[in-house]
There are 2 protein chains.
Amino acid sequence: MRGRPRDPGNDTAILRAALDMFIQGGVEGTSIEQVAKRAGVARLTVYRRWASKELLLAQAIEFGRDRFMNPAEVLAMFADGEVTRAKLVEILVRAVGDPDFRQLVGRLASTATSHPELMRAYSETYVRPRKEVALQVFRLLQEHGELPLGIDLEMLMESLAGVVTYVMLMNPVRREPEEVRAYLNRFLDLVISPARTSNPG
Amino acid sequence: MRGRPRDPGNDTAILRAALDMFIQGGVEGTSIEQVAKRAGVARLTVYRRWASKELLLAQAIEFGRDRFMNPAEVLAMFADGEVTRAKLVEILVRAVGDPDFRQLVGRLASTATSHPELMRAYSETYVRPRKEVALQVFRLLQEHGELPLGIDLEMLMESLAGVVTYVMLMNPVRREPEEVRAYLNRFLDLVISPARTSNPG
């Protein structure tokens with residue numbers, strides 16, 4: 001069997017199975033044996049490609065990078081036509097409401113201290129491109145008079161990420177979309193006081 | 001042995017052991033057997049008091065409620081003398097820098113979907129009293145001209161909690177105190193624009 005070319009279909013199946021298992025059970029709830037079973041491949045097929053469960057999970061997180069809030073799609077939504085704060089809020093409400101996304105972020109939050117390489121994979125392949133897109137969207141909103149000029153856009157993005165993460169994670173029950181919408185609007189009202197928004201310089 | 005009065009010293013030792021185990025290993029990494037061993041009691045002593053691991057952990061979280069950012073102590077720090085934004089930031093920097101606190105919050109973040117009763121115990125016994133104290137501190141800061149009047153204090157507190165949680169959890173490496181201090185000040189600058197702070201009405 002040595003030297004046989006790798007089947008890329010196997011890789012995809014393995015990475016998808018690993019990501020799903022991580023979302024459901026975290027690092028402790030994932031084993032290479034069960035990933036192989038779920039992906040329908042031999043255990044050795046997984047071990048030959050990934051030296052450890054952690055390396056497999058880091059790549060599975062990268063593999064799933066467009067599964068939630070695909071950056072290119074988000075940008076396209078703003079590129080044509082309606083550039084409003086309301087649209088930004090709707091995209092965030094949808095992300096917060098996705099139970100898989102909520103669990104993924106929760107799992108990652110608990111691995112930051114024990115498995116920093118997973119958080120690093122998530123930060124680099126997931127958070128960074130989304131923050132870049134968020135900055136582009138904020139600049140478009142500024143051009144359309146929906147955000148005040150001169151505001152600290154980077155900190156706005158950071159704190160919005162914080163508020164969204166907090167709403168998703170630190171609640172015993174999942175919040176209803178209307179509640180999340182009102183919450184995010186209240187945060188934006190706090191940051192973007194009407195007096196500052198009406199000032200064009 | 002039946003009818004023998006409970007030893008309150010045992011309860012304390014059990015709850016402390018359970019909280020420590022949860023911080024280190026989460027729900028999956030905690031077992032009643034190991035909690036008993038760590039607390040130096042018989043397994044049956046634990047089982048007689050707590051019907052499940054989840055009930056034990058919920059109470060252990062309540063038991064540890066004054067271990068991080070003790071609300072009464074925080075309030076006392078502001079009651080006498082110096083009521084400044086800088087002092088508020090220092091208290092938060094200290095909380096963010098506590099590795100045990102970071103791990104506890106991370107563990108809870110990942111249990112919100114799988115064990116909502118633990119997040120509920122944390123929210124009710126830990127978050128709520130701290131938010132009440134935060135509001136009192138914010139009102140004191142307003143009286144001392146460090147926060148603008150008319151600002152949405154509840155949302156300020158909510159988003160500050162979000163920013164603090166985000167800084168603690170969603171990073172592959174622990175941030176240095178100077179970095180956290182600069183970050184929190186930048187957030188407060190975003191929310192409390194100088195123009196609004198100088199307006200006394």
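Chain naming here is simple, since letters A, B, ... match the order of the sequence lines and numbering starts at 1 in each.
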Within the supplied structure, the quantity of interest is the number of heavy atoms (other residues, nucleotides, ligands) at a distance under 6.0 Å from B:Arg65 CZ; does it exceed 12?
no
When you look at CD of A:Glu33, are more than 12 heavy atoms from neighbouring residues, nucleotides or ligands closer to it than 6.0 Å?
no
If you count every heavy atom of other residues, nucleotides or ligands that lies below 6.0 Å from B:Arg49 atom CZ, does the total exceed 12?
yes
Any A:Glu158 side-chain heavy atom under 4.5 Å of B:Tyr166 side chain
yes
Please say whether more than 12 non-hydrogen atoms of neighbouring residues, nucleotides or ligands are located less than 6.0 Å from CZ in B:Arg181.
yes
A:Gln24 portion near chain B, given a 4.5 angstrom heavy-atom threshold
neither
Closest non-hydrogen atom pair, A:Gly106 against B:Ser110:
O-CB, 3.2 Å
Assert top hit (heavy-atom pairs under 4.5 Å, partner chain A, pool B:Met155, B:Met170, B:Gln103) equals B:Met155
Non-hydrogen atoms of chain B under 4.5 Å away: do they reach the side chain of A:Ser159, the backbone, both or neither?
both
From the options A:Ile151, A:Ile192, A:Leu190, select the one residue that forms a side chain to side chain contact (heavy atoms under 4.5 Å, CB included) with B:Leu190.
A:Ile151
Based on non-hydrogen pairs under 4.5 Å, which of A:Arg186, A:Arg120, A:Glu28 is most in contact with chain B?
A:Arg186
Quick check on A:Val127 against chain B: is it the side chain, the backbone, both or neither that has a heavy atom closer than 4.5 Å?
side chain
Supply the atom-to-atom distance A:Tyr122 OH to B:Asn171 CG, rounded to the nearest 0.5 angstrom.
12.0 Å
Please name the pair of heavy atoms, one in A:Ala109 and one in B:Leu169, separated by the smallest distance, quoted to 0.1 Å.
CB-CD1, 3.8 Å
So, the part of A:Arg107 with a heavy atom under 4.5 Å from chain B: the answer is both
